[in-house]
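Here the structure is laid out as structure tokens; the discussion comes afterwards.
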Amino acid sequence: MTGETPSRAHIRFDGVGKEYPDGTVAVGNLDLDVAQHELLTLVGPSGSGKSTLLRMVNRLVEPTSGRILVDGEDIADLDAVQLRRGIGYVIQDVGLFPHRTVAQNIATVPGLLGWDRHRTRERVAELLTLVRLEPDVHGPRYPHELSGGQRQRVGVARALATNPSVMLMDEPFGAVDPEGRRALQTEFRRIHDDLGTTVLMVTHDIDEAVLLGDRVAVFSQGGKLEQLATPAHLLARPATSFVDGFIGEARAVKLLAVTELEAQDLDGAAGPGDPHPSVTLGATLETALGVLAAAPDGSVTVTDEAGTAVGRLTPAGLHTALRRAVTANGA
Ligand SMILES: Nc1ncnc2c1ncn2[C@@H]1O[C@H](COP(=O)(O)OP(=O)(O)OP(=O)(O)O)[C@@H](O)[C@H]1O
């Protein structure tokens with residue numbers, strides 16, 4: 001197993017295992033630290049124990065061995081209902097209450113906690129805006145009056161209502177069509193960057209795992225942790241043949257999507273008023289490749305955030321960048 005251990009753990013799995021009464025081992029003896037503010041994606045084939053692992057954190061499932069610590073406290077010592085109120089939980093088909101409006105759904109936990117109406121209404125409006133829905137338009141609607149993607153946004157807003165320090169997400173975008181799914185992924189990444197909530201997100205989709213995760217945990221049958229690493233590290237250096245197979249064919253393409261263009265990848269200075277198509281420093285190599293492929297003379301101007309040209313990117317530069325990504329993530 002490779003990957004760095006964060007210095008200050010927010011969630012710690014300490015020798016955690018789960019064997020169901022019929023003898024199925026869903027989670028093996030797991031040691032894992034999740035840092036504060038980290039978005040950790042849990043990926044693996046069906047039956048590799050991802051959901052079981054997630055559900056142990058809010059005690060919908062109890063481990064048969066080991067301990068789970070949240071901020072240093074063993075959650076087995078806490079009241080399960082109290083614990084769940086402090087943890088956001090988003091599942092695939094959301095589980096919104098069908099006979100309550102969107103606003104009432106989001107206000108569920110604030111209501112249980114006794115927030116006053118004014119504070120609750122303000123929070124609901126703020127959250128709907130955060131997930132890019134309109135408080136006046138969508139708040140009064142019922143769940144069946146929304147699209148699948150909009151319902152999923154409401155699910156995220158509801159989970160964020162009391163500003164939890166931990167969010168558990170089980171295939172949160174699994175039921176959304178591919179196009180809406182990419183939009184939701186991008187938005188969720190933005191929301192996470194803004195809020196800094198610690199997130200454990202289960203997915204069976206390796207692309208989603210590497211695009212969203214600060215780190216990715218890959219599991220195989222029996223809840224065995226095969227590798228824990230940053231997306232670039234995972235793609236550049238799969239630790240086991242299982243991980244290699246799970247990542248699949250398009251490794252280089254995925255690596256392009258998680259690697260950013262840096263000044264050292266550029267060759268030659270761009271002239272003033274350079275007419276070439278341009279990309280910004282910090283864009284992903286995937287974006288840069290797209291612009292480069294469409295550039296009439298095979299070179300692209302690179303600008304800084306202020307729009308000032310800082311250099312030129314050619315196919316050779318892109319190759320350098322990809323090699324840098326692989327080398328930087330080497331053993
Ligand atoms: N209540 C249960 N009793 C017995 N076995 C169970 C129970 N719940 C889950 N399992 C088994 O535990 C293993 C792990 O299941 P789990 O749902 O955690 O996997 P998963 O990786 O989330 O799968 P999926 O991607 O299909 O949701 C599977 O073999 C499953 O059949």
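By convention here, the first residue in the shown sequence is residue 1. Note that ligands are numbered from 1 as they come in the structure, with each ligand's atoms numbered from 1 the same way. Only this structure's heavy atoms are used, side chains among them; waters, hydrogens and symmetry mates stay out.
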Between Asp74 and Leu69, is the side chain to side chain contact (heavy atoms under 4.5 Å, CB included) condition met? List the steps. CA-CA 4 Å; Asp74 186 341; Leu69 308 176; 3.7 Å; yes
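Enumerated by chain and number, the residues approaching ligand 1 to less than 4.0 Å through a heavy atom are Tyr20, Asp22, Thr24, Ala26, Pro45, Ser46, Gly47, Ser48, Gly49, Lys50, Ser51, Thr52.
Under the rule for a salt bridge (Lys or Arg N to Asp or Glu O under 4.0 Å), Arg55 has no partner lying at least two apart in sequence or in another chain. Not a single salt bridge (Lys or Arg N to Asp or Glu O under 4.0 Å) links Arg84 to another residue, sequence neighbours left out.
Annotation for Val102 and His138: closest pair CB-O, 3.3 Å, computed over non-hydrogen atoms.
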Throw together a table of side-chain donor-acceptor distances under 3.5 angstrom for residues 111-119, partners on residues two or more places apart or in other chains.
from	atom 1	to	atom 2	distance (Å)
Asp116	OD1	His118	N	3.1
Asp116	OD1	Arg119	N	2.7

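Exactly one of Asp77, Ile75, Asp14, Val16 qualifies for a side-chain contact (heavy atoms from CB on, under 4.5 Å) with Arg67. That residue is Asp14.
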